[in-house]
Amino acid sequence: ESGVLGWVRFGIRYQLKHLLECSSRYQVSVLLDRIRGTDLHAECAVLYGKMGEHKKALNLLVHKLQDYHQAERYCVLNSQGKDRTFQRHLFQELLKAYLQPIDSEVPLVAPAVDLLNSHMAEFDAAQVLELIPDSWSVGLVSTFLTRSLRLSLSRSRTSKIERGLARGERVQQHGIHRYSTARAIAVADDRQCQVCGRP
């Protein structure tokens with residue numbers, strides 16, 4: 001019976017979490033005050049996210065629940081429809097939660113490396129290098145650094161190609177304009193205006 005009860009409880013919590021994520025028909029702060037201090041950490045994380053307190057939400061997911069997949073999902077869900085700067089900030093906060101734990105816990109190396117490798121495009125390599133501990137070997141972040149460098153070079157090349165194409169188009173338009181304005185247009189006395197019909 002405890003197995004069945006466990007599944008029922010899981011189903012109810014899943015539905016509650018889904019409702020909290022999708023609905024906006026409740027007062028977030030009131031509900032958060034009522035469930036804070038309980039074991040409803042995932043639900044509290046959703047509510048903190050709705051209030052814009054992403055650092056608290058990520059710390060709950062990472063340190064209380066130790067659900068790293070859910071923490072990454074949180075970043076993806078909460079950055080939908082937002083600009084790239086916000087998205088990068090959210091993933092940076094998750095990396096900080098892994099590398100700068102609360103209550104003097106040890107840094108979570110494996111989840112941090114997995115995050116860097118799986119969401120490489122969301123990070124600025126220079127900021128990551130500032131965050132990672134000096135004790136880390138280059139081998140730990142070599143995949144991230146290699147992919148990050150390739151992406152940066154690809155973006156740089158694409159940008160140069162786009163600028164070159166735009167410059168070529170401007171030169172072409174300028175040439176067309178010069179050609180069309182360089183010709184003399186003779187207007188005879190017997191010609192009439194195409195619009196009004198007057199000479």
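Residues: numbered from 1 along the sequence shown.
In this structure the side chain of Arg73 reaches within 4.5 angstrom of the side chain of Leu77, judged on heavy atoms. Within the 4.5 Å cutoff, the side chain of Leu99 has no heavy atoms near those of the Val109 side chain. Using a 4.5 Å heavy-atom threshold, the side chains of Leu20 and Leu31 count as touching. You'll find the side chain of Tyr68 stays beyond 4.5 Å of the side chain of Leu94, heavy atoms only. Leu47 places a side-chain heavy atom less than 4.5 Å from the side chain of Tyr26. Residues Glu122 and Gln92 are not in side-chain contact: their nearest non-hydrogen atoms beyond the backbone lie 4.5 Å or more apart. Looking only at side-chain heavy atoms (C-beta outward), Phe123 and Arg88 stay at 4.5 Å or farther from each other. Annotation: side chain of Val128 is not in contact with side chain of Leu131 (no heavy-atom distance under 4.5 Å).
Residues satisfying the side-chain hydrogen bond (donor to acceptor under 3.5 Å, both in side chains) criterion with Glu53, sequence neighbours excluded, are Lys56. Considering only residues two or more places apart in sequence or on other chains, Lys55 meets the salt bridge (charged side-chain N to carboxylate O under 4.0 Å, His left out) condition with none of them. For Arg34, there are no salt bridge (charged side-chain N to carboxylate O under 4.0 Å, His left out) partners two or more places apart in sequence or in a different chain. With sequence neighbours excluded, the residues satisfying salt bridge (charged side-chain N to carboxylate O under 4.0 Å, His left out) with Asp33 are Arg36. Checked against salt bridge (charged side-chain N to carboxylate O under 4.0 Å, His left out), Asp39 has the following partners two or more places apart in sequence or in another chain: Arg9.
Summarising the geometry of Lys17 relative to Val46, their closest heavy-atom pair is CG-CG2, 4.0 Å, with the distance given to 0.1 Å. The two residues Leu60 and Ala45 make their nearest non-hydrogen contact at CD1-N, 3.9 Å. Closest of all the heavy-atom pairs between Ser118 and Glu72 is OG-OE1, 3.8 Å. Residue Tyr98 comes nearest to Ala71 through the heavy atom pair OH-CB, 4.2 Å, listed as atom of the first residue, atom of the second, then distance. Listed here is the closest heavy atom pair of Trp136 and Ala112: CH2-CB, 4.0 Å. Across all non-hydrogen atoms, the minimal contact from Leu61 to Ala42 is CD2-CA, 4.5 Å.
One finds the CG atom of Leu95 at 8.5 Å from the CD atom of Gln100 (value rounded to the nearest 0.5 Å). Atom-to-atom distance recorded for Leu58:CG and Gln70:CD is 11.0 Å, nearest 0.5 angstrom. Interatomic distance, CD of Gln87 versus NE2 of His89, reported as 12.5 Å (0.5 Å rounding). Distance NZ/Lys64 to CG/Leu40: 13.0 Å, rounded to 0.5 Å.
The 12-atom threshold is exceeded at CZ of Phe86, counting heavy atoms of other residues, nucleotides or ligands nearer than 6.0 Å. Counting heavy atoms of neighbouring residues, nucleotides and ligands inside a 6.0 Å radius, atom CD of Gln27 does not exceed 12 of them. Environment of NZ in Lys82: crowded, with over 12 heavy atoms of neighbouring residues, nucleotides or ligands closer than 6.0 Å.
Taking the six-membered ring where the residue is Trp, His119 and Phe91 present tilted rings, their angle falling between 30° and 60°.
His63 places a side-chain N or O within 3.5 Å of a backbone atom of Ala97 that can act as its donor or acceptor partner. Side-chain atoms of Thr38 come within 3.5 Å of backbone N or O of Ile35 as a donor-acceptor pair.
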Practice item. Go through the steps for Val76 and Leu90 under the test side chain to side chain contact (heavy atoms under 4.5 Å, CB included), then give the verdict. Key: CA-CA 9 Å; Val76 171; Leu90 211 52; over 6 Å; no
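Each of Tyr48 and Val62 belongs to its own hydrophobic cluster when Ile, Leu, Val, Met, Phe, Trp and Tyr are linked at side-chain heavy-atom distances under 4.5 angstrom.
Applying the side chain to side chain donor-acceptor pair (under 3.5 Å) test to residues at least two apart or on different chains, the pairs with a partner in residues 163-172 are Ser159-Arg163.
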